[in-house]
Every structure is written in C-alpha cells, then in structure tokens.
A.B. asks: 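Handing you this structure, nothing more for now.
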Amino acid sequence: MTIVTATRARLSAATLPRARAAMPPGYDRTAAPRIAHIGFGAFVRAHLGVYADEMLQSGHGELIRGISLHGRRPLKQLAPQDCYYSVLEREPGVAPRLRVVGSVASVRAGSSAALAALTAPTTELVTLTITEKGYDLDPADLEHPDRPTSAPGLLALALERRRTAGLEPPVVAALDNVSANGTLLRSRVLEVAERLQPDLPRWIEETVPFPDSVVDRMVPAVSQRDLDEVSSRLGLVDLGAVVTERHRSWVTTGHPRLEPWADVGVELVADTTPYEQRKLWLLNGPHSALAYCGLVAGHGTIAAAAADDSLVGFVSRLVDDVLEVVHLPDALVPSVFAADALRRFQNLGLAHTCVQVGADGSRKLPQRLADVVGIRLERGLDVTRFATVVAAWIAAAAGFELPGTRLPALEDPDAWDLQRWRVEGIDTVVGAALDGRFDPGFVAVVNHALRDLIDRGAGVLADPT
Ligand code: CS2
C-alpha cells in the first residue's frame, strides 16, 4: 500500500484532469479572492470550502485566501497541490462520496499573512474558525494593539488600516460553536480597537457587520488511513484531504452580502438564537458528554462510545433532561434533531476521537451545558447527569486516577490551573474549574460527582433512572 501511494502523483492543477472524483472544479481560479478565512483547519475545508466550491460551480462564486494562525501544516499540505483538496463523505449504508474542491486560492501562515489577507482591497468577506479559545482576549494584544497575534487583535488592526486607506469595511462572519459568535467577536474586536484609536470602535460598530452563524458538520482530524483511502480512490496523493459526514448546515443572521449563498443552502434568518440553542445544547453538549463518558469507560472514539449501550442510555437521559427545559420552535423539531445527532455520533466512518472532542472543555462546556444547568437549578430540577459529565472532564483534564481506567491527557487552555489540585488539594479543583462559568449552586453537585467518579469509575454511568 505504502509503495503504491509513494509512486502516485500528487493532486495539483496539472494532475486534476486525472482525478477520479465527482464534479472536479472546472471554474476559473484566477480572480482575486474575495474571502479571507482565518483558522484554516479541517472544518473549514469540509464546510465553507464546499459551499464556496458549489457557488463557483454555479458561476458566481468567490475564492478564499486561507490563513493558518497556528502552524504551517495547512500550508505544507495545500501549497504543493495548488490548494486543491478532496472531501470524502462517509455515511453508513451508502457508498463513500469523493469530491475535489477548488475554492481555496492560497494558504498562508502567521500574523503578517493574516493582516495582508484582511487588508487586501479585494477582501469583502472575512470568515473565522478559531475555536472557542480563539475568542479569549490576549492581554498582550491589549497592551500592544499594533502588534497583535490573536484573531480579534488582528481584526482590529486590519479594520483600522482599512479605514485609514479608505477601503470598504468587510462583513465578518464567525463560524465557531460559540453562542452569538459574531456578537462576541465584535465585542472582543472593539476592546482592542479602543486601544488603537479612540474613535475606531464607533466606526466599526457603524460600518462592519458581524453576523452570528450556526454551522454544523462533523469533521474529525484526518488519519494516515484516511489519506491512504482518499489517495487510492482519487488515483492521486492528496495530503490536504478531509473526511466528513454527509450532513452540513449553515444558518446565519441575514445580510445582503450573504444572500447569494442561499442558492447553495445557507439559511439566512432574523435571529440565530433558537438554532444555536438547538445545536449547542442538543448536539455539542451530548457530543462532549459522550467524549468524557467514553474516556471514563475506556473508549477511544465517539463512534465506539456511541455503540456502548450504557453510555447511549446515559447520554439519551441527559438529552431528555435538556428537552425537558428547552423551548424551541416546533419547526426546529428539537427531539428529531437530538435523535439524529445521536445517530450521527454512531457513524463508524468518522474516527472522531474522544480526546479531540474532549479538548478545551473549559471553553466548550460552559457554551454547551451552563445555560441548561442554570435553568434546571432555577426550577429545582436534578442536574446530576450534567455534573457527572463535568466531573469526567475535570478528572481527565486534571489527571485524576479512576478505578479501572487510565484517562488520557486532555488539552485545555486551563490545564495548568486544573493540575494545581496536586498541591492545593482536591477541594479546590472544582471551584477553580467552574468559577464564573456555571451557576455557583452547581459546584457542590460537581464536587459530589467527582468524588463518586474517583470512587466508582465508570460505575457512575450505569444510572438506573
Ligand atoms: C465537536 C464539534 O469537537 C467538538 O467539540 O463537538 O466539532 C462537532 O463535531 C461539530 O460542532 C459538529 O457540527
């Protein structure tokens, strides 16, 4: 297998005619890109990149300049391929579908490249997938707003430069699993902008739209096996390929600049709040729950955890706890959406690891669970299952030992703080982990759940109720 792969040509403009894929991009790619995308990971390739590809296929699309803020890997994967890459869709019961996407015109890395893309006169739309922690403000950017490294800092400086140069303000669309992502990003940008020029925040508020978006598609990190499969299907080596499911969606608050995207399935709505609650609370929350419970039960992937009846039982009851208190419009069919999410987790074609979904819990869990926990506490309803999930995250991120399981280390921006219990004692860890992020009434319940988990390990998941 390896030998065959090594002798294959690499995907590129020159080899594209040989690609064995549906609808190879035949459109012109010489126009100046009008989209600048910050955070060029796997998700954007399987999401925005595909929507943009379909727009280009239909004759009125726009190309993307991709920017990776952290690391040059995307550049190494895509530059030698003239930025062509494949998207392999795997869905249970149907044949895998492979397409080559051509909507990315260039990929660059680092802050200067980001500033260049954001201030390019042709940039009209800025999109971002910077993950939950990308919305944190870097104190260094507030101190030196003229030398930013974070996405909000770079945006603030770029907007100042655009204003000075008399360029049109772009539309800035945040695409992360963060509540009111555009609104939050704008507030972060305004904080830095104030340090740059006292009147810049007002100009930004008046001229730069920051629509809120809810995006959905599961795109795990690719493995060597995935790349080998893509290469053998495609007949060409593709080191920039991504693997995903068939489902995809993008709901955004309306803006005239985004209206043409409705042709390729983007939904423009007056208010994304119900879509956001449905996604964060009924898909991402249960996804995290499965990841942490999966780790406690010794599973490596979400699909393996979703095939474990006791975990499915636990997560289904957690979903019922959410549905009990969440009121969404009937048209959004919340219980159907939730059942479908559980089905999507079972997709064996997506080797989403529990460690990947479990990363950055300090930033993800408040988005996914805190509001529901708050509502349930207010109504005097039980929050034990939510506490078990949070305790499982703390146990993994803080490095506790559980009976019968060796928890893998988890990445988290607060990992260092969470490990301090080793010096300061176990009583401090829950308070530190939840501080300011969850209802204070939740701390005691999580404390109890953590002790139970340390005593009984995966036994706590076999909830009889
Ligand atoms: C996941 C999401 O890694 C995670 O935290 O819950 O990336 C999830 O796969 C997507 O939001 C699905 O749209």
Side-chain angles (χ1 to χ4, degrees), residues 39-51 87 89-91 127-135 174-179 181 212-223 226 242-252 265-267 272 275-295 299-303 305-306 311 315 318-319 322 332 337-338 340-370 372 389-390 392-393 396-397 408 410-413:
F40 202 78
F43 179 79
V44 64
R45 289 180 223 183
H47 191 270
L48 173 76
V50 172
Y51 281 94
V87 176
E89 288 177 8
R90 291 198 190 118
E91 195 67 30
T127 50
L128 301 97
T129 45
I130 50 178
T131 79
E132 293 82 350
K133 60 178 181 270
Y135 293 70
L175 306 179
D176 292 287
N177 293 318
V178 169
S179 177
N181 46 19
D212 292 323
S213 285
V214 181
V215 295
D216 190 6
R217 192 165 219 194
M218 297 201 193
V219 193
V222 274
S223 65
D226 293 329
V242 287
V243 174
T244 186
E245 59 185 339
R246 191 152 282 192
H247 178 94
R248 73 176 139 106
S249 71
W250 180 356
V251 182
T252 174
V266 177
E267 279 176 81
T272 51
Y275 296 89
E276 171 190 304
Q277 294 181 345
R278 182 176 73 160
K279 168 86 197 308
L280 289 172
W281 301 352
L282 291 168
L283 186 142
N284 294 118
H287 211 194
S288 292
L290 208 48
Y292 299 122
C293 297
L295 290 174
H299 296 298
T301 63
I302 293 291
L311 299 193
V315 175
L318 180 111
V319 166
V322 179
L332 296 194
F337 178 89
D340 200 44
L342 292 180
R343 183 197 55 74
R344 289 166 61 197
F345 299 155
Q346 290 166 347
N347 187 339
L348 290 171
L350 302 184
H352 226 153
T353 64
C354 294
V355 166
Q356 186 186 356
V357 177
D360 298 343
S362 61
R363 301 302 186 274
K364 289 178 179 173
L365 290 179
Q367 296 286 338
R368 301 173 179 202
L369 305 182
V372 177
V389 172
V390 173
W393 159 62
L410 283 186
E411 271 182 39
D412 199 289

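Residue numbers count from 1 along this sequence. Values below: all heavy atoms of this structure, side chains included; hydrogens, waters and symmetry mates excluded. Just so you know, ligand 1 is whichever comes first in the structure, and atom 1 is the first atom listed for that ligand.
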A.B. asks: Among all protein heavy atoms in this structure, tell me which lies nearest to atom 2 (C) of ligand 1, with the distance rounded to 0.1 Å.
C.D. replies: N284 ND2, 3.7 Å
A.B. asks: What residues, two or more places apart in sequence or in another chain, satisfy side-chain hydrogen bond (donor to acceptor under 3.5 Å, both in side chains) together with T252?
C.D. replies: none
A.B. asks: Find the distance between NZ (K279) and OG (S249) and round it off to the nearest 0.5 Å.
C.D. replies: 7.5 Å
A.B. asks: If you count the atoms of ligand 1 from 1 in the order shown, which ones are under 4.0 Å from a heavy atom of K364?
C.D. replies: 3 (O), 4 (C), 5 (O)
A.B. asks: By number and element, which atoms of ligand 1 are closer than 4.0 Å to a non-hydrogen atom of K279?
C.D. replies: 10 (C), 11 (O), 12 (C), 13 (O)
A.B. asks: Mind checking the CZ-CG spacing from F337 to L283? Nearest 0.5 Å is all I need.
C.D. replies: 5.0 Å
A.B. asks: Taking heavy atoms and a distance under 4.0 Å, where does N177 meet ligand 1: side chain, backbone, both or neither?
C.D. replies: side chain
A.B. asks: Short list, please: which atoms of ligand 1 are under 4.0 Å from a heavy atom of H287?
C.D. replies: 1 (C), 6 (O), 8 (C), 9 (O)
A.B. asks: If you measure only the distance, is there a donor-acceptor pair under 3.5 Å linking the side chains of Q367 and S179?
C.D. replies: no
A.B. asks: Using residues 349-360 as the side-chain source, report each donor-acceptor pair under 3.5 Å to any protein atom, sequence neighbours left out, with the distance given to one decimal.
C.D. replies:
unit_1, atom_1, unit_2, atom_2, d
T353, OG1, Q356, N, 3.0
Q356, OE1, A221, N, 3.0
D360, OD1, K133, NZ, 3.4
D360, OD2, K133, NZ, 2.6

A.B. asks: Identify, by atom number and element, the atoms of ligand 1 in contact range of H352, meaning under 4.0 Å from any of its heavy atoms.
C.D. replies: 9 (O)
A.B. asks: So how far is it from T272 OG1 to Q277 CD, rounded to the nearest 0.5 Å?
C.D. replies: 9.5 Å
A.B. asks: Fit a plane to each ring of F43 and H47, take the angle between them on a 0 to 90° scale, and name the class: parallel (under 30°), tilted (30 to 60°) or perpendicular (over 60°).
C.D. replies: parallel
A.B. asks: Can you tell which part of R217 has a heavy atom less than 4.0 Å from ligand 1: side chain, backbone, both or neither?
C.D. replies: backbone
A.B. asks: Counting heavy atoms only, which part of R368 comes closer than 4.0 Å to ligand 1: side chain, backbone, both or neither?
C.D. replies: side chain
A.B. asks: Could you identify the single nearest non-hydrogen protein atom to atom 13 (O) of ligand 1 and state the distance to 0.1 Å?
C.D. replies: D216 OD1, 2.5 Å
